[in-house]
**Q** 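Once you've had a glance at the structure underneath, I'll fire off some questions.
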Amino acid sequence: MKIGVVGAGLMGSGIAQTCSQAGYEAVNYDSYPDALTRAKAGVAKDMKKLVERGKFTEEHAESVEKRITYTSDIEDLRECGIIIEAIFEDFEVKKSIFQQLDAMMPSETILCSNTSTISITAIAACTNRPERVMGTHFFSPVPVMKLLELIRGMETSDETFKVVEEFGRNINKVVVNAPDFSGFITNRILPLCGKENCKMIARGVSPEDFDKTMSALGRGSMSAMELADFSGLDVLHGCLKSLHAGLKMECYRTPLLLEQMVESGYLGRKSGRGYFKYTR
Amino acid sequence: MFKTSVVVGNSNGLGVAMTLVLAGKGIDVTFIGDEAARSEISDKAKEEKLQDKISVVNGMEFISDVEVAFDFSPDGKNKKEMAGKIESCIPENAVLAIHTILSDVSRIAAGTKIRNRVIGARYVAPGSVKNHVEITRTLDTDDETYKIFRDFAGIISKDVVDAPDIVGGIYFRLMPVSANMAARLIMEGVAMDDIETAIIYGTNSQIGPLRVADYVGIDVVLELLEEIYAESGEATYRPCPLLKNMVQAGLTGVKAGRGFYTYK
């Protein structure tokens with residue numbers, strides 16, 4: 001079965017790479033040729049690193065790159081049995097692409113979305129095949145992070161679910177069943193902890209003291225404050241905003257310190273300052 | 001040269017006492033605790049051949065010449081009174097370091113008469129005593145007490161951090177957050193294993209929030225949530241009803257053989 005991936009950004013490209021690494025032929029579509037060039041180069045770079053580290057043989061790396069087709073012609077997705085959409089987090093944009101795919105793809109084709117904030121049921125309702133639509137929520141970087149949250153819409157059929165679950169296992173992901181609500185599972189808990197961590201800093205605890213405390217029982221590879229800076233405080237900010245908007249639960253309200261830091265451009269490592277300062 | 005006492009030992013108190021004795025800085029330690037704690041620390045001291053460095057006693061009349069006293073008495077309605085009782089047995093200029101998880105430090109210190117020499121010292125677990133301590137200035141802790149105790153705490157623990165005077169301090173203010181939301185997700189119909197798996201693989205950890213809660217104790221998690229919620233009114237800490245049900249049913253985790261999961 002060929003796997004189609006709509007969107008050649010970080011997530012889409014990573015999903016296509018993951019599929020190919022597991023032996024699937026992947027078609028990575030994006031309407032912007034520049035995105036495709038970048039995606040292809042990104043995969044090539046990753047393959048080179050993996051060969052250098054002795055994780056992949058040169059043959060395997062070559063075959064991974066060969067199995068991914070990059071295209072800006074949406075018609076090239078026709079042969080795919082499962083299509084995974086990983087484009088901009090906007091309902092109207094997704095609605096448009098799902099309607100396009102629904103119109104052109106055979107009726108058995110399964111359409112999945114990598115959305116992290118939009119209801120799968122709502123996306124499915126834009127099509128004439130809601131029973132064949134579900135959510136496949138990957139984690140970045142996709143080739144590395146084993147978790148895959150599977151989300152059924154209200155009308156997703158058992159058959160569709162079985163096929164996608166099997167696909168998830170075939171690409172060596174650890175699959176979990178998540179409900180169709182903002183945050184699914186992982187992002188109901190982790191951003192909440194991130195938010196409470198931020199509030200602790202706002203009370204005057206230094207990030208250094210904070211990290212020392214949270215590793216009192218044993219240190220992980222990266223401490224909580226370092227990790228927050230690494231992923232980007234704008235990511236936490238965006239997560240909390242969509243959780244609060246989607247669920248209207250007070251516990252997801254953005255803390256003032258986070259608003260201040262994001263508004264000031266202190267987004268973490270990528271902007272040279274977050275909880276810690278970084279020299280370029 | 002310091003003498004110190006550990007009062008009403010529990011497992012953290014034992015950890016502090018032993019670490020002090022093992023630090024080899026010539027500190028004489030008096031340990032006061034219940035029978036079980038006293039016999040445990042006596043055995044440990046004999047093992048390390050340090051039994052003459054530590055006095056294990058039954059009553060508080062033996063601490064009238066200490067310089068630093070630790071109050072590890074259990075949290076609860078008698079905690080404030082106990083702080084006052086210990087204070088009355090130690091010298092007026094001795095530092096009194098209070099360990100509490102379910103309260104901020106100031107409201108316990110309110111049970112003492114000479115407030116400026118009282119300070120908070122929170123240890124996360126017996127196994128972390130050597131690594132880390134949270135020290136907390138109360139409304140009245142003076143600079144001299146802070147400095148003396150900070151230096152002393154550094155003899156016991158590698159990292160000494162300044163923690164705000166709130167229920168739970170730093171660590172225990174944050175620990176119940178994931179357990180509470182995980183319980184909430186179970187109430188919403190998510191499978192327990194899916195929650196554990198999602199967090200384990202989403203964070204590259206060895207253990208998920210439900211098992212962590214089982215190890216800490218569901219009753220401890222619930223008590224913490226109730227106290228933090230009473231202090232702050234924050235929705236994050238509103239105790240999930242599932243946790244109440246579990247505690248009422250005795251499903252308090254590893255120590256009961258059953259919590260979210262079952263343990264031999």
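By convention in this document, chain letters (A, B, ...) are assigned in the order of the sequence lines, proteins followed by strands, and residues within each chain are numbered from 1.
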**Q** Please indicate whether B:K130 has more than 12 foreign heavy atoms, meaning atoms of other residues, nucleotides or ligands, lying under 6.0 Å from its NZ.
**A**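 Result for NZ/B:K130: open.
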**Q** Between CE of A:M145 and CG of B:N204, what distance do you get to the nearest 0.5 Å?
**A**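 That separation rounds to 4.5 Å.
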**Q** How long is the straight-line distance from CG of A:L217 back to OH of B:Y171, given to the nearest 0.5 Å?
**A**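 B:Y171 atom OH to A:L217 atom CG measures 4.0 Å (nearest 0.5 Å).
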**Q** Between B:Y123 and chain A, which part of the residue has a heavy atom less than 4.5 Å away: side chain, backbone, both or neither?
**A**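 No part of B:Y123 comes within 4.5 Å of chain A.
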**Q** At a heavy-atom separation under 4.5 Å, does A:F210 approach chain B through its side chain, its backbone, both, or neither?
**A**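 The side chain, not the backbone.
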**Q** In Å, rounded to the nearest 0.5 Å, how long is the span from CZ of A:R188 to OG of B:S178?
**A**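 So the CZ of A:R188 and the OG of B:S178 are separated by 13.5 Å.
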**Q** Go through the steps for B:V190 and A:V176 under the test side-chain contact (heavy atoms from CB on, under 4.5 Å), then give the verdict.
**A** CA-CA 10 Å; B:V190 184; A:V176 295; over 6 Å; no
**Q** With a 4.5 angstrom heavy-atom cut-off, could you sort out which part of B:I195 is near chain A: side chain, backbone, both or neither?
**A**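 Both parts, heavy atoms under 4.5 Å.
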**Q** Taking B:N131 for its side chain and A:A216 for its backbone only, find out whether a donor-acceptor pair lies under 3.5 Å.
**A**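 Confirmed, B:N131 side chain pairs with A:A216 backbone.
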**Q** Just do the side-chain contact (heavy atoms from CB on, under 4.5 Å) check on A:M214 and B:H132 with the steps written out, would you?
**A** CA-CA 10 Å; A:M214 298 322 279; B:H132 166 272; over 6 Å; no
**Q** What residue, out of B:D162, B:I170, B:T197, has the most heavy-atom pairs lying under 4.5 Å from chain A?
**A**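 Result: the option with the highest number of such pairs is B:I170.
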**Q** Given heavy-atom pairs under 4.5 angstrom as the criterion, report whether the side chain, backbone, both or neither of B:I166 touches chain A.
**A**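 The side chain, not the backbone.
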**Q** Examine whether an atom of B:A182 lies under 4.5 Å from a heavy atom of chain A, and if so say whether it belongs to the side chain, the backbone or both; otherwise answer neither.
**A**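 Contact with chain A involves both backbone and side-chain atoms of B:A182.
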**Q** Which bit of B:Q206 is near chain A, if near means a heavy-atom gap under 4.5 Å: side chain, backbone, both or neither?
**A**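 Contact with chain A: none, neither part.
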**Q** More than 12 foreign heavy atoms under 6.0 Å from CD of A:E259: is that the case here?
**A**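 Buried by this count: over 12 neighbours within 6.0 Å.
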**Q** Please rank B:V124, B:V160, B:I199 by heavy-atom pairs under 4.5 Å with chain A and give me the top one.
**A**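 It is B:I199.
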**Q** Report which part of B:N180 has an atom under 4.5 Å of a heavy atom belonging to chain A: side chain, backbone, both, or neither.
**A**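 Neither; nothing under 4.5 Å.
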**Q** I'd like to know whether A:C193 forms a side-chain contact (heavy atoms from CB on, under 4.5 Å) with B:M181, so could you lay out the CA-CA distance, the side-chain angles of the two residues, the decisive distance to 0.1 Å, and finally the verdict.
**A** CA-CA 10 Å; A:C193 295; B:M181 184 51 74; over 6 Å; no
**Q** Would you compute the distance between atom NZ of A:K212 and atom NZ of B:K158 and round it to the nearest 0.5 angstrom?
**A**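 Rounded to the nearest 0.5 Å, the NZ-NZ separation comes out at 8.0 Å.
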**Q** How long is the straight-line distance from CD of B:E188 back to CD1 of A:I185, given to the nearest 0.5 Å?
**A**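 Answer for the CD1-CD pair, A:I185 versus B:E188, is 10.5 Å.
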**Q** Assess whether a salt bridge exists between B:R173 and A:E196, defined as any Lys/Arg side-chain N lying under 4.0 Å from an Asp/Glu carboxylate O.
**A**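 Not counted as a salt bridge, because no side-chain N and carboxylate O are separated by less than 4.0 Å.
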**Q** Under 4.5 Å heavy-atom distance to chain A, tell me which part of B:R238 shows up: side chain, backbone, both or neither.
**A**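 Answer is neither: B:R238 stays 4.5 Å or more from chain A.
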**Q** Heavy-atom distances under 4.5 Å only: say whether A:N197 touches chain B with side chain, backbone, both or neither.
**A**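 Looking at A:N197, backbone and side chain both touch chain B.
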**Q** Would you say A:E166 has more than 12 foreign heavy atoms packed within less than 6.0 Å of its CD?
**A**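 12 or below, so no.
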